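To start, the structure itself, in structure tokens.
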Amino acid sequence: TPEGRISLRFEGGSSHPRTAFAQTATGFLILKALHEQILRFEAKGMVKRMEYWEFLRPIFDGQGRFAGIIAIHRHTMEIQAFLGKSVVMATGGLGRIYGTSTNSLLSTGIAASRMVQHGAYFCNGEFIQFHPTAVPLKGAKMLLLSESIRGEGGRVWTWRDGKKWYFLEEWFPEYGNLAPRDMTSRAIFKVIHQMSIHLEGQEAVYLDITHLPRKKIEISLGDILQKYHHLTGQDPYQNPMKVRPAMHYSMGGLWVDEKQATSIPGVFAAGEVEFQYHGANRLGGNSLMACLFGGKEAGLSLVEWVEGQEIKNNLASMEIHPILEEEKKILEELKNREGRENPYLILKELQENMMNKVGLVREKEGLIKAVEKIQELEERLYHLRICDPSDFCNETLLFARGLKDMIRLAHIIAKGALMREESRGGHFRSDFPHRRDGKFLKTTVAKWTEEGPAFWYEEVDTRWIEPAPRKHQEPLAS
Ligand SMILES: Cc1cc2nc3c(=O)[nH]c(=O)nc-3n(C[C@H](O)[C@H](O)[C@H](O)COP(=O)(O)OP(=O)(O)OC[C@H]3O[C@@H](n4cnc5c(N)ncnc54)[C@H](O)[C@@H]3O)c2cc1C
């Protein structure tokens, strides 16, 4: 604030303002501050940046401890080993597995999947957060209209019997337009899909700020509203914005302990790629909290781990050469496949499958079909054709190399959703619409085996917070 205090605002599910912000540029400013720190440490020779390298797989020493990674340079296509005693996975979420997502196209889950296929455990994959207010953009990711718009007074409505119907305010009197994200998304789902109320034939509801004083809103939300105006051609100060839910965040991720250590000795994880802070749901603002806190913890744990190790990795004793050759062979073989399958169309089918059957609302038959479809898609990968033979910047080849990893992570998500016969946070089963703490107050843990994913459950630590029933009426329960 101008007085030097921290500005706080409401986000969904909060009963008082608790989220620090800097107008609508909070993420940008965090990145800027982090980037400045990297430059500072780089100038001192303490940090070395390796840009455009894509992680392909971990390597291990003779005792199964992490000993480095194999990575490929996305421009030169050079494959190289980077030896080290430890690594922090900070590779983000998996939105691209779901087509209709607010995530960056780089949020593929590929890196996490590769770690899982080399022994890391993956937890709670079925808990996927849908953000209620996103705007479809042609041929690209969805534009997120942040919860802060409702935090500043934006209202959600649709037409009913010729009148504006503020259904969130009617269904969630305690929270109004700022009910928790999962509830709000399902309320919009109910209006659009069960009550079949559309806007000019579009599956959407209105997010409206036209009643708010423009000068005030321009200061707090100007950036995002300008972006909306620019991308859609609609002036949000004059016309309500058309929005609908989109996949936004993965609460699931790599299994870690309180030191951010994964199940592979020497491998740590922080940020959206790990599972531990949000349970089945996530409050707005808490991802960045988890990134900052988890990142710091992971760094400290890594130092502790490295100092306690006496392994000395060197190329000769590690026999890296065969692993590098194997990785090169995988790419060559992929490039020379002479099938008829287009990798981009396979991803499209995967995304539709995940959206329609493992999306906001799930049920047994759909989930069984989703798992079958995923298995079919993996088999079809044997018949890929990569039309780009180039040895430089071959995006298609890299994309195809990662497709299997996305499909396998999707398998873990869908199977976990099938097994969890209850509804909790970001996982809603229309055939089991209630929470079943007796059976499922548990963390789902998966590991990858030759037969596919294998699952078990871990107890949730409820020592500090007793689970309580939710107070709000579930929109899809009636
Ligand atoms: C539109 C939008 C708005 C959001 N707003 C908020 C908010 O207001 N508050 C909040 O708390 N959260 C918010 N979130 C969520 C939050 O931004 C993310 O969860 C968080 O940024 C994830 O950070 P991360 O560092 O874990 O991963 P990312 O920031 O996604 O970084 C992952 C990095 O890993 C790289 N990578 C991936 N795979 C590989 C590989 N194989 N090899 C090498 N590198 C790889 C990627 O290129 C990327 O640079 C928002 C998310 C979105 C999409």
Side-chain angles (χ1 to χ4, degrees), residues 9-12 14 18-31 34-35 38 49-58 69-74 80 82 87-98 100-117 128-131 133-135 137 140-149 151 181 221 223-224 227-228 246-254 256 260 268-278 282-296 298 398-399 401-402 405-406 409:
R9 65 162 46 131
F10 282 98
E11 294 264 347
S14 53
R18 60 180 282 280
T19 309
F21 73 102
Q23 295 184 348
T24 40
T26 317
F28 169 75
L29 290 170
I30 291 177
L31 283 180
L34 288 171
H35 189 238
I38 291 172
R49 262 190 292 169
M50 306 292 291
E51 291 181 331
Y52 306 111
W53 286 94
E54 177 179 325
F55 164 75
L56 289 177
R57 54 160 291 180
I69 64 161
I70 304 287
I72 184 165
H73 194 277
R74 293 184 64 92
Q80 200 176 304
F82 296 87
V87 70
V88 178
M89 298 296 287
T91 49
L94 48 81
R96 205 169 176 193
I97 290 178
Y98 285 80
T100 312
S101 167
T102 62
N103 286 191
S104 145
L105 297 183
L106 296 172
S107 299
T108 57
I110 288 174
S113 176
R114 287 175 179 163
M115 256 322 168
V116 170
Q117 290 170 70
I128 297 287
Q129 179 166 82
F130 281 75
H131 197 291
T133 57
V135 181
L137 300 172
K141 73 185 198 78
M142 307 271 285
L143 171 68
L144 178 86
L145 291 181
S146 154
E147 231 157 32
S148 54
I149 297 180
R181 281 181 191 173
L221 300 171
D223 294 349
I224 185 71
K227 200 190 270 180
Y228 171 86
M247 186 281 176
H248 181 57
Y249 187 85
S250 165
M251 272 74 75
L254 294 174
V256 287
Q260 306 287 141
F268 298 83
E272 191 170 338
V273 74
E274 59 96 338
F275 90 106
Q276 88 173 320
Y277 293 103
H278 313 293
R282 176 178 78 89
L283 285 174
N286 278 10
S287 172
L288 298 182
M289 177 280 296
C291 288
L292 296 175
F293 179 77
K296 184 176 170 195
L398 290 172
F399 170 76
R401 170 77 170 79
D405 306 308
M406 279 197 259
L409 202 52

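Indexing begins at 1, ligand by ligand and atom by atom, following the structure's order. Note that this is a predicted model, so its numbers are computed, not measured.
Here atom 27 (O) of ligand 1 lies nearest to G92 when heavy atoms of A20, A71, C291, G92 are compared. Of the listed residues (H248, H131, M50, M89), the one carrying the non-hydrogen atom nearest atom 50 (C) of ligand 1 is H248.
With no hydrogens or angles considered, no side-chain donor-acceptor pair links H131 and T102 at under 3.5 Å.
Remark: ligand 1 and G285 share an N or O pair separated by less than 3.5 Å (distance only, no angle test). Below 3.5 Å of separation, one finds no N or O of V273 facing any N or O of ligand 1. On a distance-only criterion, E272 and ligand 1 share at least one N/O pair closer than 3.5 Å.
Close approach of ligand 1 to A90 is summarised as follows: ligand atoms under 4.0 Å from at least one heavy atom of the residue are 31 (O), 32 (C), 33 (C), 34 (O). When each atom of ligand 1 is checked for a heavy atom of G271 under 4.0 Å away, the hits are 26 (O). Interface atoms of ligand 1 facing S287, defined by a heavy-atom separation under 4.0 Å, are 10 (C), 11 (O), 12 (N), 15 (C), 16 (C), 18 (C), 19 (O), 20 (C). Heavy-atom proximity to L288, at under 4.0 Å, picks out these atoms of ligand 1: 9 (N), 10 (C), 11 (O), 12 (N).
Of all the heavy atoms of T108, none lies under 4.0 Å from any atom of ligand 1, so neither backbone nor side chain is involved. Using a 4.0 Å cut-off between heavy atoms, L144 contacts ligand 1 through its side chain alone, with no backbone atom that close. At a heavy-atom cutoff of 4.0 Å, ligand 1 is contacted by the side chain of Y249 but not by its backbone. By the criterion of a heavy-atom distance under 4.0 Å, the side chain of R282, and not its backbone, is placed next to ligand 1.
No heavy atom of G27 sits closer than 4.0 Å to any atom of ligand 1.
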